[in-house]
Structures are given as C-alpha cells and as structure tokens.
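A quick write-up on the structure given underneath.
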Amino acid sequence: MKRLAGGIGPILLLPAFAALAAPADLTVPTVDPAESILSEYVPEAAPDPNPPPYTLLRYNERYDYLADPKNRHDFFDPVKYIPLNSGDQQSYLSLGGELRERYENYHNAGLGTGPAPASQSYLLQRVTLDADLHVNQRLRFFTQGISGLQFGQQQTAPPVDQNPLDIEQGFVDYILGDPSPQGPRLTTRVGRFEMSYGSGRLIATRAAPNIPFKFDGVQLIGGAGPARIYAFVTHPGMENKYHLDTENGGQAFWGVYSTTPLGWGLPANMDLYYLGYRNVAARYTSGAGTELRHSFGTRWFGHAGGWDYDWEPVLQIGKFAQREILAWTMATDTGYTFAATPWRPRLGFKADIASGDSGAPNGRFGGFNPLYFKSGYFNDASIIRPTNVADLHPSLQLVPLQSLTATVATDLLWRQSIKDGVYAPPGNIELKPIAGSRYIGNTAETALEWKAGRHLVCTLSYVHLFASDSVKAAGGGNVDYVGTWTTFTW
C-alpha cells in the first residue's frame, strides 16, 4: 500500500486549478474484462477479452477520442461525441443507452417453499438513456433515466422489476489535480450513482433485475496510474413500483476501498477495504433488529501463464439486536486456460464458504451479510444468497468462435451451520433451520453467450437444482430455470 499512498496522497494538497489542461488522449480507450458491461452476466464465463468501450458503470466511458475524425467508424459516433467548445476537445456531450429484453421461466422459484406460484414465466424489459456532459476536463454532469417493466406475473412483480420511469443516476463530478485519466487526481462526486468494486461480491450493480442498485451520497475517488482509492458515505436507494425511488433512510452504507497492482514484476493485484453498514430493520432466522456491521476484506487476483485466480477473505464484526457479530467468508475462483488448444478451454473451480449463525441466543451472531452483492452470485437462476452456505463449483468454458462462449458447470451446495436457514437473494428466509443433513443440493448449469456485434449480445442460460432429501422433507423441491436475454447497447 506504500506505492498507492505515495501516488495519491499529494492530490489532496493540490488547489482546484493547479494543473494545466492536460492534452487530450485521442486513442481509442481499452476496457478491462472486469469492467466490461458483460462482466456481471453468466458468472462462470469470462467476458469478451476485446470488448468495445462499453462498461458496466456507463459513466466510466470516455469519448473524447472521437474528437479526431479518423476514430469515427460507428453509426452512433455522432451522438457519442457532440462538441461544445471548438477550442476545447474535452468539452462535449455524450448520449447513450441500453435496451434489454429478458425472458425468465422458473419452476419452484425460491426452492418451492414460498407463496409464489410453482411455475412463473415473464418478460423483463429495461430501457436506459444517459447524458454525460463534460463542461471541461474538470467539471462534468451525468444523468441516467431508467424504465423497468415486467410482463406476466405482474401481481408478484417486485419493485426491482416493475418501475415504469425513474432516475437511476444523477451526479456532478469535479476533479482536483491532474485531470488526465492517469492522474494523479482526486474526483469529488455528489448525487445518485451506481458502484461496483472488485469482483462484485459485496458491492455490485445487480445487473439481472430491471433496476440496478444505486446509492445517494458523496464519493471521493483518488487515482494515480492504475491505483485507485475510493471513499464514500451513502444511503442506498429504495425502489418504488410506480413513483420515483427515494433513499432508504433505514439503511446507511459507507467505506473505503483501494486497489493497486503489487508491482515488482509480480502477477498480482491487491484490493484492501473497510465497509460500514447499518440497517434498522434487519431480519434473520434468529429474529429481527438493528444491525451495525463492519466488514474488513482483501482481494488478491491476477494471471500467471495460463492460470488466473481471484481470492477474497472477509471478516465482519458489529452488533445485531443484542448480540455481538463475528462472521466471515472466503471466496475463491481459480482457473486454467489452454490457450493453444482449439476452442481455448478454461477449466475453472470456485470454492466459497460464508458463515451462518450458531442459533445460540446468548452467543455471538455468526450470519454473514453479503451486503449489495452481484446478481447471479452462484448462477443465473439466483436461487440462494451467499449467507450460511458452502459450495464447490467446477466449470468448463469453451470459445468455439470468437463471438461465442459456451459454459457448463455444476455446483454442490451445503449449509455452513445446521442451526441457520437458507436465504433468498433479497434476504428473505427460504428455509428455516432444519435438522438432518447440511446438504442443500447440486446444480446442472449451461449457458451460451453470443456477441453478435459491438452493440448486440444474446445469452441463453439453463439451471437445474437437484434438491436434497432434507430440503424436500422441509417442503422444498427441485428447481428449473430458463433465461434468455438480448441487450442492445449504444
């Protein structure tokens, strides 16, 4: 972290106009696969290794390179870069958007134990429009409108899927220091914004439902070369079905998150973070109450030869109701790609464990809270929340064509604590604590992702969960999921 602090620290001492205007970088920007707009879909499959400059957080895209006419090749380029000042190439307006149509069919959603119908079938439609106004290198305004509609099963449509018109993001940025992408600089952000850090295990956009996570508050972003450090104080957004979303005053979320390459020629990057969380209406199988939780985590990731790895341990302390919290998780994702073999097969293996509660009313509370984790954490069916769970998840990914990725996988799932239940992704209880085996079941998963062009991506996913005998004895059953979605981005 010495390298990180040494690069970013001086930014805080720079006055607002200390740096001269940096020359415009008119090269086409590259996008790391982890930042690609595809990175939260089909979790077992790697995103496009050569993606267009469309990112998961759309405000991270840069289009000042289109000031050079030689870089304009796409139909949408005229609205991606609308110059505002002939004397300043970095004064421009950029317009963008997304249209996604997603069909889902479930049998026994929620393990078949909830009030929802045994079979559900519906179409999700998401439309976003965004405007990114760069007044100059230092000052910019970003707004994004959103419409999410569910067709079919509307009586059970949650607010995250049924919200005809809303403001997803709206914020202002001001840059201190060197405003070029490599810094050193400090960006001050105020308003409503999405966040996604690391691999999305604790903070992500929640891409699968119609309405992603968003947060109201203040964010500071320090940058120097590839190193970044973020600090934020926010209230999460609260989704409302038929009127504008508000901030959730019952929850607060704050933290500091840093990421940097280790250097010295090592194939390693390190994230280090602290996250604070407060919820006045938390609910677990042991009861309800106010939750104050502090998460301390680190993430180690990188590539070495054909190997890739992403390992992340987290420790949580705090207080839930009258009990002290001591919870933890360890998540790993390791793979090897046979790059010289036809179809570039990648053998992957994920192993995760997240603590559950012991059930002792006077003991420490052990249930892990994954906070605002990515959708489809284990698979696209999003059956289980990563709380009180352990899993082993081997996979095989193939690339028969540059535009086509195929994945097959299976996931073996257990409860970490037999005294705690099984939780659904939103946090509601799917199965109360049951005696007997910890085993929940195993899945069969397959997915196809076709990158039909720069703007169009089509995905087909199927998941079957073979429920264990103990789950069936508690009233649950096997789960079938079919999902297919097409996304047009511009």
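Checked options F232, Y59, F142; the residue passing with R189 is Y59 (criterion: side chain to side chain contact (heavy atoms under 4.5 Å, CB included)). A ring pair (Phe, Tyr, Trp, His ring centres under 6.0 Å) with Y274 holds for exactly one of F296, Y230, Y257; it is F296.
Side-chain atoms of E291 and Y284 form a donor-acceptor pair, as typed in the model, at a separation below 3.5 Å. Between the side chains of E168 and T128, no donor-acceptor pair is found at a separation under 3.5 Å. Side-chain contact annotation: N428 with R385, donor-acceptor N/O pair under 3.5 Å absent. D411 and N379 are not linked by any side-chain donor-acceptor pair at a separation below 3.5 angstrom, with hydrogens and angles left out of the test. Side chains of T298 and W300: a donor-acceptor N/O pair is present below 3.5 angstrom, by distance only. Between S295 and Q316, the side chains place a donor N or O and an acceptor N or O closer than 3.5 Å (distance only, hydrogens not considered). At a cut-off of 3.5 Å, with distance as the only test, no side-chain donor of D271 or Y273 sits close to an acceptor on the other residue. In this structure, a donor-acceptor pair under 3.5 Å is present between the side chains of D420 and T285. At a cut-off of 3.5 Å, with distance as the only test, a side-chain donor of D480 or Y462 sits close to an acceptor on the other residue. Y54 and E61 share no donor-acceptor pair across their side chains, judged by distance under 3.5 Å alone. In summary, the side chains of D132 and H134 do present a donor paired with an acceptor at a separation below 3.5 Å, with no hydrogens or angles considered. A donor and an acceptor atom, one from each side chain of N163 and R126, are nowhere located under 3.5 Å apart. For the residue pair S461/W485, the side-chain donor-acceptor check at 3.5 Å is not satisfied.
In this structure, OG1 in T334 is found 10.0 Å from OH in Y309, a value given to the nearest 0.5 Å. From I440, atom CD1 reaches atom OG of S470 across 8.0 Å, with rounding to the nearest 0.5 Å. The distance from atom CG of D352 to atom CG of D391, rounded to the nearest 0.5 Å, is 4.5 Å. For the atom pair NE2 (H303) and CG (D308), the distance works out to 4.5 Å, reported to the nearest 0.5 Å. In this structure, CZ in R293 is found 4.5 Å from CG in N369, a value given to the nearest 0.5 Å. The OG1 atom of T246 sits 4.5 Å away from atom CG of N240, with the distance rounded to the nearest 0.5 Å.
The main-chain N or O of P179 is never found under 3.5 Å from a side-chain atom of R138 such that the two would form a donor-acceptor pair. Remark: the backbone N or O of P370 is not paired with any side-chain donor or acceptor of R201 at under 3.5 angstrom. Judged by distance alone, the side chain of R415 and the main-chain N or O of G421 form no donor-acceptor pair under 3.5 Å. No donor-acceptor pair under 3.5 Å is formed between the side chain of T187 and the backbone N or O of I175. Between the E247 side chain and the H235 main chain, no donor and acceptor come within less than 3.5 Å of each other. H464 contributes no side-chain N or O that, together with a main-chain N or O of Y481, makes up a donor-acceptor pair within less than 3.5 Å. Remark: side-chain polar atoms of R58 are not paired, donor with acceptor, to backbone N or O of G96 under 3.5 angstrom. Counting only distance, with no hydrogens or angles, the side chain of K419 and the backbone of P433 share no donor-acceptor pair below 3.5 Å. Side chain of S417 to backbone of D357: a donor-acceptor contact under 3.5 angstrom is found. At least one donor-acceptor pair closer than 3.5 Å links the side chain of E40 to the backbone N or O of T205.
The minimum heavy-atom distance between H294 and G318, with the atom names listed, is CD2-CA, 4.3 Å. The two residues E430 and I384 make their nearest non-hydrogen contact at OE1-CG1, 4.3 Å. Minimum heavy-atom separation, S39 to A34: OG-O, 3.4 Å. P209 and V160 make their closest contact through CB-O, 4.0 Å (heavy atoms, listed as atom of the first residue, atom of the second, distance). Between S437 and Y439, the shortest heavy-atom distance links the atoms OG-N, 2.9 Å. Nearest approach of S375 to S382, heavy atoms of both residues: C-OG, 4.1 Å.
By the 30° and 60° cut-offs, the orientation of the rings of Y372 relative to F213 is perpendicular. F365 and F320 have tilted rings, their planes meeting at an angle from 30° to 60° on a 0 to 90° scale.
Between W490 and L95, some side-chain heavy-atom pair lies under the 4.5 Å cut-off. In this structure, the side chains of R140 and F171 come closer than 4.5 Å at one or more pairs of heavy atoms. Put simply, the side chain of S121 reaches to within 4.5 Å of the side chain of Y103, judged on heavy atoms. The side-chain heavy atoms of N210 and R100, taken from C-beta on, include a pair separated by under 4.5 Å. Using a 4.5 Å heavy-atom cutoff, the side chains of W414 and I353 are not in contact. Between F373 and P386 there is a side-chain heavy-atom pair separated by less than 4.5 Å. Using a 4.5 Å heavy-atom cutoff, the side chains of K214 and E239 are in contact. A heavy-atom distance below 4.5 Å is found between the side chains of I37 and E98.
Annotation for K241: atom NZ counts as buried by contact number, over 12 foreign heavy atoms lying within 6.0 Å. In this structure, L412 places its CG atom where more than 12 heavy-atom neighbours from other residues, nucleotides or ligands lie under 6.0 Å away. Other residues, nucleotides and ligands contribute at most 12 non-hydrogen atoms within 6.0 Å of the CG atom of D469.
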Under 3.5 Å, sequence neighbours excluded: what are the donor-acceptor pairs made by side chains of residues 145-155?
{"unit_1": "S147", "atom_1": "OG", "unit_2": "P164", "atom_2": "O", "d": "2.6"}
{"unit_1": "Q150", "atom_1": "NE2", "unit_2": "G152", "atom_2": "O", "d": "3.0"}
{"unit_1": "Q150", "atom_1": "NE2", "unit_2": "Q153", "atom_2": "O", "d": "3.1"}
{"unit_1": "Q154", "atom_1": "NE2", "unit_2": "Q150", "atom_2": "O", "d": "2.9"}

Pair R299-N269, side-chain hydrogen bond (donor to acceptor under 3.5 Å, both in side chains): steps then yes or no: CA-CA 8 Å; R299 172 177 171 245; N269 302 269; over 6 Å; no
Does the side-chain contact (heavy atoms from CB on, under 4.5 Å) test come out yes or no for D310 and T332, once each step is laid out? CA-CA 6 Å; D310 190 328; T332 70; over 6 Å; no
N478 vs K472, side-chain contact (heavy atoms from CB on, under 4.5 Å): CA-CA, chis, key distance, verdict: CA-CA 8 Å; N478 296 342; K472 291 178 179 178; 3.6 Å; yes
side-chain contact (heavy atoms from CB on, under 4.5 Å) between T443 and V479, worked out: CA-CA 9 Å; T443 66; V479 179; over 6 Å; no
Given the rule in the side-chain contact (heavy atoms from CB on, under 4.5 Å) test, do L139 and L133 qualify, once you have shown the distances and angles that lead to the verdict? CA-CA 9 Å; L139 179 64; L133 173 62; over 6 Å; no
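Ion pairing between E35 and R228 fails under the 4.0 Å rule for side-chain N and carboxylate O. Between R346 and D333, at least one side-chain N (NZ, or NE/NH1/NH2) sits under 4.0 Å from a carboxylate O, which counts as a salt bridge.
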